[in-house]
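First up is the structure itself, then whatever we jot down about it.
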Amino acid sequence: MVSREHNKRAAGLHEKLQLLRSITNSHALNDTSIIADASRYIEELKEKVDRLNQDITTAQSSSSRDPLPTVTVESTEKGFLIKVHSGRSSSGLLVSILETFEELNLNVTEARVSCTGGFQLEAVGTQSEEAEETIDVEAVRQAVLQAARHGRDNSDQDQEG
């Protein structure tokens with residue numbers, strides 16, 4: 001009876017080692033080598049996790065210093081409610097966004113802008129009657145986002161130059 005139980009355990013252990021071998025892509029044949037390969041594999045995974053955590057930390061610190069603008073656009077009865085927020089204000093940002101409104105044939109009927117502690121714009125735009133095509137929320141969002149990034153980047157170049 002003890003022998004049968006021992007054989008069951010040995011078979012279970014062998015099965016688990018073969019599973020470990022396949023997970024770690026080991027080509028080892030004996031148990032000790034499979035475990036050594038698994039140990040190396042775990043160390044490689046730990047290094048990858050450390051590198052990814054460093055990348056995340058770097059991305060978070062750079063984005064907190066220089067956050068990208070956020071743009072939300074909602075469809076309303078009057079047209080579009082467009083909100084733009086950036087962690088910092090720049091001289092070209094408002095001009096770039098207003099030029100985009102013009103290119104999209106959007107008439108601004110209401111607007112609030114603040115440049116204190118960053119940049120915030122909330123505007124209601126209606127599509128002008130001369131517009132050849134109707135535009136959707138996502139097209140407005142993408143165009144305004146691109147304009148916000150462009151306006152911010154141009155302002156950065158002006159300050160550097």
Side-chain angles (χ1 to χ4, degrees), residues 1-90 92-94 96-97 100-101 104 106 112-125 133-157 159-160:
M1 183 145 164
V2 173
S3 178
R4 194 179 304 157
E5 195 173 299
H6 176 72
N7 287 343
K8 262 184 163 175
R9 283 187 188 164
L13 180 61
H14 178 75
E15 188 177 311
K16 289 178 183 173
L17 282 170
Q18 292 307 311
L19 180 61
L20 183 62
R21 179 176 176 241
S22 68
I23 291 170
T24 60
N25 295 321
S26 172
H27 298 291
L29 298 176
N30 66 41
D31 296 350
T32 306
S33 297
I34 293 170
I35 292 171
D37 287 348
S39 179
R40 279 191 293 276
Y41 181 74
I42 290 169
E43 288 303 315
E44 289 172 13
L45 290 176
K46 284 181 180 179
E47 289 172 11
K48 285 181 182 179
V49 167
D50 288 342
R51 281 194 306 269
L52 288 172
N53 283 335
Q54 287 174 344
D55 291 348
I56 289 169
T57 302
T58 301
Q60 286 175 339
S61 67
S62 67
S63 70
S64 66
R65 280 184 268 128
D66 190 17
L68 292 174
T70 57
V71 175
T72 59
V73 178
E74 299 170 23
S75 185
T76 66
E77 288 178 24
K78 298 179 181 180
F80 298 101
L81 174 61
I82 303 155
K83 296 179 183 179
V84 181
H85 174 76
S86 179
R88 65 169 207 215
S89 184
S90 61
L93 193 53
L94 181 59
S96 183
I97 292 170
T100 298
F101 287 170
L104 294 172
L106 288 178
R112 283 188 295 275
V113 179
S114 172
C115 297
T116 307
F119 175 87
Q120 291 184 359
L121 166 92
E122 190 172 306
V124 175
E133 301 178 13
T134 58
I135 52 175
D136 67 346
V137 169
E138 187 57 25
V140 173
R141 191 186 83 74
Q142 288 297 323
V144 173
L145 182 60
Q146 185 175 356
R149 288 180 177 160
H150 178 74
R152 196 189 78 176
D153 294 344
N154 281 349
S155 177
D156 289 347
Q157 292 170 358
Q159 290 173 1
E160 292 170 6

side-chain contact (heavy atoms from CB on, under 4.5 Å) involving Ala28 - partner list, sequence neighbours excluded
Ser26, Ser33, Ile34, Asp37
Taking the side chain from Thr24 and the backbone from Leu20, do they hold a donor-acceptor pair closer than 3.5 Å?
yes
Any chance you could measure Lys46, atom NZ, to Arg51, atom CZ, to the nearest 0.5 Å?
14.5 Å
Any chance CD of Glu133 has more than 12 other-residue heavy atoms, nucleotides or ligands included, within less than 6.0 Å?
no
4.5 Å side-chain heavy-atom contact, Lys8 and Arg4:
no
Between Glu43 and Arg40, does a salt bridge (charged side-chain N to carboxylate O under 4.0 Å, His left out) hold up when you go through it step by step?
CA-CA 5 Å; Glu43 288 303 315; Arg40 279 191 293 276; over 6 Å; no
Side chains of Val137 and Glu74: closer than 4.5 Å at any heavy-atom pair?
no
Can you find a pair of side-chain heavy atoms, one from Ile82 and one from Thr72, that are under 4.5 Å apart?
no
As a quick check of understanding, evaluate side-chain contact (heavy atoms from CB on, under 4.5 Å) for Glu122 and Leu81, giving each step before the final call.
CA-CA 7 Å; Glu122 190 172 306; Leu81 174 61; 3.8 Å; yes
How long is the straight-line distance from CZ of Phe119 back to CG of Leu94, given to the nearest 0.5 Å?
5.0 Å
For the backbone of Leu93 and the side chain of Ser96, can you confirm whether one donor and one acceptor N or O come within less than 3.5 Å of each other?
no
Smallest separation among heavy atoms of Val140 and Leu104, with atom names:
CA-CD1, 4.2 Å
Hey, what do you get for CZ (Phe80) to OG (Ser75), rounding to the nearest 0.5 Å?
5.5 Å
For Phe101 versus Val144, what's the shortest heavy-atom pair and its separation?
CE2-CG2, 3.7 Å
Kindly indicate whether the side chain of Arg149, heavy atoms from C-beta on, has any atom under 4.5 Å from the side chain of Pro69.
yes
Take Asp31 and Leu13, measure what side-chain contact (heavy atoms from CB on, under 4.5 Å) needs, and give me the verdict at the end.
CA-CA 10 Å; Asp31 296 350; Leu13 180 61; 5.6 Å; no
Arg21 vs Gln18 side-chain heavy atoms within contact, under 4.5 Å
yes
In sequence, state the C-alpha distance, the side-chain angles, and the governing distance for Glu44 and Lys48, and then conclude on salt bridge (charged side-chain N to carboxylate O under 4.0 Å, His left out).
CA-CA 6 Å; Glu44 289 172 13; Lys48 285 181 182 179; 5.8 Å; no
Interatomic spacing from OG1 in Thr70 to CG in Leu145 - rounded to 0.5 Å:
9.0 Å
Decide yes or no on side-chain contact (heavy atoms from CB on, under 4.5 Å) for Val84 and Ile97, but give the supporting numbers first.
CA-CA 9 Å; Val84 181; Ile97 292 170; 3.9 Å; yes
Is there a side-chain contact between Leu106 and Ile135 in this structure, where contact means two heavy atoms from C-beta onward sitting under 4.5 Å apart?
yes
Donor + acceptor pair across side chains of Gln142, Gln146 (<3.5 Å)
no
